[in-house]
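Report on the structure given below.
Predicted model, so just to flag it, every value in this text is computed and none were measured. Note that these values count all heavy atoms, side chains included, but never hydrogens, waters or copies made by symmetry.
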Amino acid sequence: LGCVAWRKRNVRLAEHFFVRAAAVNPEYDRPVAHLALVAEARGHHRAARELLRRAIRMNPLSFRWRNNFAAVLLRGADGPRNEEAYRELLKAFELAGPDDPVVRYNLENVLRESE
């Protein structure tokens with residue numbers, strides 16, 4: 001339900017459902033990662049980074065969370081963290097494989113920007 005609300009751009013309702021899902025199952029990484037989207041949408045980059053770090057600790061094999069974490073690092077209001085973002089994207093690429101277009105695109109952009 002949180003994802004449906006998010007897609008309908010109802011951030012407040014999405015947050016409500018993500019918080020409830022995280023409370024029902026504290027070991028479930030998805031609502032934690034989705035709460036990071038809410039935090040970033042509100043301009044809370046530090047909170048978004050911490051939530052994604054937590055989601056990655058919960059599920060270190062999720063290339064999606066690592067990709068999203070890299071994106072938050074690159075868009076952070078306190079300045080981009082290219083080196084850390086590059087490392088996370090490399091991990092995401094290793095986990096996802098070369099066929100994931102989003103991770104590949106993001107990795108190529110980070111490499112291009114660092115030249």
Side-chain angles (χ1 to χ4, degrees):
L1 293 174
C3 291
V4 171
W6 178 259
R7 289 207 177 250
K8 289 185 173 189
R9 301 179 194 264
N10 190 335
V11 176
R12 191 172 173 177
L13 184 60
E15 180 182 35
H16 167 77
F17 284 121
F18 296 149
V19 167
R20 287 195 56 204
V24 169
N25 186 353
E27 303 298 317
Y28 190 36
D29 56 308
R30 283 183 180 237
V32 175
H34 294 327
L35 283 168
L37 296 173
V38 172
E40 189 181 26
R42 291 185 173 149
H44 303 143
H45 300 286
R46 184 173 292 138
R49 284 194 309 265
E50 291 309 313
L51 286 162
L52 283 164
R53 280 188 178 105
R54 183 173 156 209
I56 290 168
R57 281 192 307 272
M58 295 168 83
N59 184 359
L61 298 178
S62 175
F63 68 90
R64 288 177 179 88
W65 305 162
R66 290 183 183 281
N67 180 72
N68 291 0
F69 182 49
V72 169
L73 289 170
L74 291 170
R75 290 191 297 258
D78 54 349
R81 299 169 182 207
N82 291 354
E83 230 176 272
E84 189 177 4
Y86 175 71
R87 285 192 308 270
E88 288 301 324
L89 282 171
L90 279 179
K91 291 176 190 173
F93 185 78
E94 289 172 4
L95 291 165
D99 295 331
D100 186 84
V102 175
V103 174
R104 189 176 61 242
Y105 174 82
N106 289 338
L107 184 57
E108 289 168 358
N109 279 339
V110 168
L111 289 172
R112 195 173 311 115
E113 289 175 13
S114 66
E115 293 176 343

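To the nearest 0.5 Å, the span separating CG on Leu37 from SG on Cys3 amounts to 8.5 Å.
Look at Glu50 and Arg46 and you find no salt bridge, because none of the NZ, NE, NH1 or NH2 atoms lies under 4.0 Å from a carboxylate O. Residues Lys91 and Glu88 are paired through a salt bridge, judged by an N-O separation under 4.0 Å between the basic side chain and the carboxylate.
The shortest non-hydrogen separation linking Ala96 to Val103 is CB-CG2, 4.4 Å. Annotation for Trp65 and Asp29: closest pair NE1-OD2, 2.5 Å, computed over non-hydrogen atoms. Closest approach of Pro26 to Met58, counting heavy atoms only: O-CE, 3.0 Å. For Ala39 against Leu51, the heavy-atom pair with the smallest separation is CB-CD1, 4.2 Å.
Ile56 and Tyr28 are assigned to two separate hydrophobic clusters, defined by single-linkage of ILVMFWY side chains at heavy-atom distances under 4.5 Å. Under a hydrophobic clustering in which Ile, Leu, Val, Met, Phe, Trp and Tyr are joined whenever their side-chain heavy atoms come within less than 4.5 Å, directly or via other members, Leu52 and Leu35 fall into different clusters. The hydrophobic clustering, which links ILVMFWY residues whose side-chain heavy atoms are closer than 4.5 Å, places Leu74 and Leu107 together.
Counting non-hydrogen atoms of other residues, nucleotides and ligands closer than 6.0 Å to CZ of Arg104 gives a total above 12. Applying the 6.0 Å contact sphere to CD of Glu84 captures more than 12 heavy atoms from other residues, nucleotides or ligands. Remark: Arg53 CZ is packed, more than 12 non-hydrogen atoms of other residues, nucleotides or ligands lying under 6.0 Å away. No more than 12 heavy-atom neighbours from other residues, nucleotides or ligands sit within 6.0 angstrom of CZ on Arg20.
Between the Arg66 side chain and the Leu61 main chain, no donor and acceptor come within less than 3.5 Å of each other.
The hydrophobic cluster around Leu1 extends to Leu13, Phe17, counting ILVMFWY residues whose side-chain heavy atoms fall within less than 4.5 Å of a member.
Counting only residues at least two apart or in different chains, ring-ring contact (aromatic ring centres under 6.0 Å, His included) contacts with residues 86-107 are absent.
Partners of Phe18 according to the ring-ring contact (aromatic ring centres under 6.0 Å, His included) rule, which considers only residues two or more places apart in sequence or in another chain, are His34.
Of the listed residues (Val102, Leu95, Leu89), just one forms a side-chain contact (heavy atoms from CB on, under 4.5 Å) with Phe63, and that residue is Leu95.
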